[in-house]
> 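Quick one: the structure is below, questions incoming.
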Amino acid sequence: MPVTFNLGEALDSLLKAAATSAGLEAAAFVPDVRIADPRHGDFQANGVLGYAKARRLNPRAVAEQLVAALPAEVAADYTVAIAGPGFINFTLKPATLLAWLRAHDSAAHLRANAATARHGQTWVVDYSSPNTAKQMHVGHLRSAVIGEAICRLLEFSGAKVIRDNHVGDWGTQFGKLIWAYRRHLDAAAFAADPLEEFERLYQVGNAAADADPAVLEQARQELVKLQAGDPENLAVWKHINAVSLAAFQPIYDRLGIRFDHTLGESFYNDQVERIYRELAATGLAQESQGALVVFHPEHPRFKTQPFIMRKADGASNYATTDLATALYRAEYFHADGIVVVTDFRQADHFEQLYLTVRKWFAARSYRLPELHHVTFGAVTDADGKALRTRDGGTIKLKELLAEAEARAYALVSERSAELPEAERRAIAAVVGVGSVQYADLAQNRSSDYVFAWDKMISLEGNTAAYLLYAVARIHSIFRKLDAVPGEAATEAAGTPPETPAELALARKLVKFADALRLATDTLRPHFLCLYLYELAGDYSAFYAADKVAVDDPAVRARRLLLCARTLLVMETGLGLLGLRTLTRM
RNA sequence: GCGAGCGUAGCACAAUGGAUAGUGUAGUGGCCUCCGAAGCCAUUGAUCUGGGUUCGAUUCCCAGCGCUCGCACCA
């Protein structure tokens, strides 16, 4: 019989069908299948408890009816038991475990089976989104790392994903910056580090404007000229942006990020008139204190807190461009879903934005995509304060990544001194960046995250290195036995798992599908991290308990199959998180 | 003031309304003539307070307390 990728979902369907044939009110019955505690089984159906209680029935009796109505294939694949007040427990039989492992024997097969949930859908993911003319700092890391993982998860579930870097390239800061750029550019400093020089120039312009009203006026004029399309200022502005984006690229390269588009705020400049017109025409927008704003009377706060979409001076702001951006993504990209990844402080803005977009699109009969604002907490130091350098400055992302790599290099040199230096450097690059990425991903994104080098790179517990170490050990076994993962002869000779450690590992492997679904549906990559960590733990326990390189060919084949499949799932899962893997470390 | 997020062992975290609340670290005690000990095994220790809904609440609702953040033209 065919083995489905997501066994829990398949059970859910079978239970619904059984409810009908058992004469239950099938429409009202929700099987509620979920991963069970391994002590109870692999999956459990909790749905009969609520169903029976609501109808004053005996839950155990209902469960028995339901189990009796299940097709024979379920009894062939699972040991089924009714337990406690009416839980139905399903424990996979060893032969079923083997069948699943055999059916999912390559990255292509995993991908093909996973890529049904969002087949044919288009999702736009807006992440990273730094301001130009500034360096990326630690605050930009979470958006980039979480956003990239979400892109990969959505792609794996079958969606076409459009990665859009919505850079802040059109702020009022450009007046002062252009003023200073024209007068105080240090060519040598610019050549050494353009972003550092832009930041210095902005500070020079800012200080000069503070000190001298004439300078302030000149800077204002520079901005007016820029916004009016003055060719010279436009050229300077374009140069600043081009240089900034080029300077970001090495960081994106290290994080494995490639954007499809970099449509910053300036891209929407010529579309704001349409936004004003349409929101005024639909009656959503109104004049208030000289500004054009949207109130939401049904909302406890936004009935009085305005969504300002045109300032009193007539200028647009980020509400305007975000409205235009939503429209562009719906009209031009035909997005079925939009995901914007920013920190939680922008929650109010996006709540107002999405309320407005929903009403606006409804009024114009535009097709409304799913709108998601993926938020994440602050990165703090051990005292819970925003993470800063010792002198109070922000921590630059490129320095942070360099330090991660340096720490990883020191560690690998200590643990694996026998490896050639070039390889230790290469390992440090993977472990260093991966540790930073993983530390960001492994924690539920809603909460603040305490940044601590020691926890991140110490390589114990739920860290990238622990997972990469498990992967490296599997590769090491294959090297030692002069074998290749997934070899046909070995796979064919593999028999069902037998020992407790083999069974625990196999049972964890088949739950990859559920972890993927959970992480993707909730847009929370930490569910996948948690799964991979547990998988690595089950593998390590298996590794310690059951030797692979034994003489008995049947036992060896059985265990090599488990090694090959663990490797496949680990490498696939880590790849979805945006991490690279190693064969030695 | 109004609103949002968060509150789980000493510390850092997990738990899609389910069974005895899981893990790491720190502590304690074991395991390398044996595939990589960056590992494995065992063990001590926790749901902010008070109500409510539910067969069942860390989870949902209400009220408090604490921390963080947001609230008229920055993004």
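Residue numbers start from 1 in every chain, and the chains themselves are labelled A, B, ... in the order their sequence lines are given, proteins ahead of strands.
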> What nucleic acid atoms does A/K53 come within less than 4.0 Å of, heavy atoms only: base, sugar-phosphate, or nothing?
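Result for A/K53 = base.
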> Rounding to the closest angstrom, what is the interatomic distance between B/C71 and B/G17 at atom C1'?
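Pairwise C1' distance, B/C71 against B/G17, rounds to 34 Å.
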> For a quick check of understanding: with a heavy-atom distance under 4.0 Å over all strands, which category does A/S476 fall into, base, sugar-phosphate or nothing?
base
> Are A/K511 and A/D42 close enough for a salt bridge, meaning some N to O gap below 4.0 Å?
yes
> Assign A/D538 to base, sugar-phosphate, or nothing according to its heavy-atom contacts below 4.0 angstrom with the strands shown.
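No contact.
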> Can you tell me which nucleotide in B/A37, B/C35, B/A38 comes closest to the side chain of A/R473?
B/A37
> From OH of A/Y438 over to P of B/A14, roughly how many Å is that when rounded to an integer?
12 Å
> Taking the same atom, P, in B/G56 and in B/A72, what whole-Å distance lies between them?
45 Å
> Would you mind checking if A/D440 and A/R445 are paired as a salt bridge, meaning a charged N to carboxylate O distance below 4.0 Å?
no
> Of the candidate nucleotides B/G36, B/C40, B/C35, which contains the atom at the shortest distance from the side chain of A/R479?
B/G36
> Which of the following nucleotides, B/A14, B/A15, B/C35, is nearest to the side chain of A/F527?
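Per side-chain heavy atoms of A/F527, the pick is B/A15.
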> With side-chain hydrogen bond (donor to acceptor under 3.5 Å, both in side chains) as the test, would you mind laying out the steps for A/E351 and A/H349 before giving the verdict?
CA-CA 5 Å; A/E351 198 181 342; A/H349 169 74; over 6 Å; no
> Considering only distance and modelled atom types, tabulate donor-acceptor pairs under 3.5 Å from the side chains of residues 555-563 of chain A, sequence neighbours left out.
unit_1	atom_1	unit_2	atom_2	d
A/R556	NE	A/V550	O	3.0
A/R556	NH2	A/V550	O	3.3
A/R558	NE	A/E502	OE1	2.9
A/R558	NE	A/E502	OE2	3.3
A/R558	NH1	A/E498	OE2	3.2
A/R558	NH2	A/E502	OE1	3.3
A/R558	NH2	A/E502	OE2	3.0
A/R559	NE	A/E502	OE2	2.6
A/R559	NH1	A/K547	O	2.7
A/R559	NH2	A/E502	OE2	3.2

> Could you provide the dot-bracket string of RNA chain B, using ( ) for intrastrand pairs, [ ] for crossing pairs and | for bases paired to another strand, with Watson-Crick or G-U pairs below 3.5 Å?
(((((((..((((....[...)))).(((((.......)))))....(((((..]....))))))))))))....
> Quickly work out the A/R415 CZ to B/C32 P distance and round it to whole Å.
19 Å
> Pick base, sugar-phosphate or nothing for A/S416, based on heavy-atom distances below 4.0 Å to the nucleic acid.
base
> Indicate, with a heavy-atom threshold strictly under 4.0 Å, whether A/H526 touches base, sugar-phosphate, or nothing.
sugar-phosphate
> Between B/G45 and B/A21, how far is it from one C1' atom to the other, in whole Å?
13 Å
> So what does A/I35 touch, heavy atoms closer than 4.0 Å: a base, only the sugar-phosphate, or nothing?
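Here A/I35 touches the bases of the nucleic acid.
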> Using a strict cut-off of less than 4.0 Å between a Lys/Arg side-chain nitrogen and an Asp/Glu carboxylate oxygen, indicate whether A/E405 and A/R425 qualify as a salt bridge.
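No, this pair does not count.
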> Rounding to an integer number of Å, can you tell me how far A/L582 CG sits from B/A38 P?
15 Å
> Please measure how far the P atom in B/G10 lies from the corresponding atom in B/U47, and state the result in whole Å.
9 Å
> What one-letter contact string describes nucleotides 17-28 of chain B from 5' to 3', where B marks a base within less than 4.0 Å of any protein heavy atom, S marks contact via sugar-phosphate atoms alone, and - marks no contact?
-BB---SSS---
> Figure out the OH/P separation between A/Y449 and B/A14, and round it to whole Å.
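To the nearest whole Å, that distance equals 13 Å.
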> A/M585 CE to B/G36 P: how many Å, rounded?
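Computing the A/M585:CE to B/G36:P distance gives 14 Å.
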> Just compare B/G39, B/C35, B/A12 and give me whichever is closest to any side-chain atom of A/V450.
B/A12
> Select base, sugar-phosphate, or nothing to describe what A/Y543 touches, counting heavy atoms under 4.0 Å on all strands.
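Contact class for A/Y543: base.
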> Roughly how many Å apart are B/C60 and B/U53, using the C1' atom of each and rounding to a whole number?
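It comes out at 8 Å once rounded to the nearest Å.
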> In a table with atom names and distances, give each donor-acceptor pair under 3.5 Å that connects a side chain of residues 523-534 of chain A to protein atoms at least two apart or in another chain.
unit_1	atom_1	unit_2	atom_2	d
A/R524	NH1	A/N444	OD1	2.6
A/R524	NH1	A/S446	OG	2.9
A/R524	NH2	A/S446	OG	3.2
A/Y531	OH	A/K508	O	2.7
A/Y531	OH	A/L509	O	3.3
A/Y531	OH	A/F512	N	3.4
A/E534	OE1	A/K508	NZ	2.8

> Can you pull the salt bridge (Lys or Arg N to Asp or Glu O under 4.0 Å) pairs that have at least one residue in residues 285-299 of chain A, sequence neighbours excluded?
A/E287-A/R310, A/E298-A/K359
> Tell me what A/A347 touches on the nucleic acid: a base, only sugar-phosphate, or nothing, going by heavy atoms under 4.0 Å.
nothing
> Please confirm whether the shortest side-chain N or O distance from A/Y466 to OP1 or OP2 of B/C40 is below 4.0 Å.
yes
> Reckon A/R524 has a side-chain N or O less than 4.0 Å from the OP1 or OP2 of B/U16?
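Negative; the distance criterion is not met.
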> Can you check the distance between B/A26 and B/U49, where both ends of the measurement are the C1' atom (answer in whole Å)?
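Pairwise C1' distance, B/A26 against B/U49, rounds to 29 Å.
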> So A/V412, base contact, sugar-phosphate only, or nothing? Heavy-atom distance under 4.0 Å.
base
> Let me have a per-nucleotide readout for nucleotides 62-72 of chain B, 5' to 3', with B, S or -, counting only protein heavy atoms under 4.0 Å.
------SSSSB
> Rounding to an integer number of Å, can you tell me how far A/I477 CD1 sits from B/G36 C1'?
9 Å
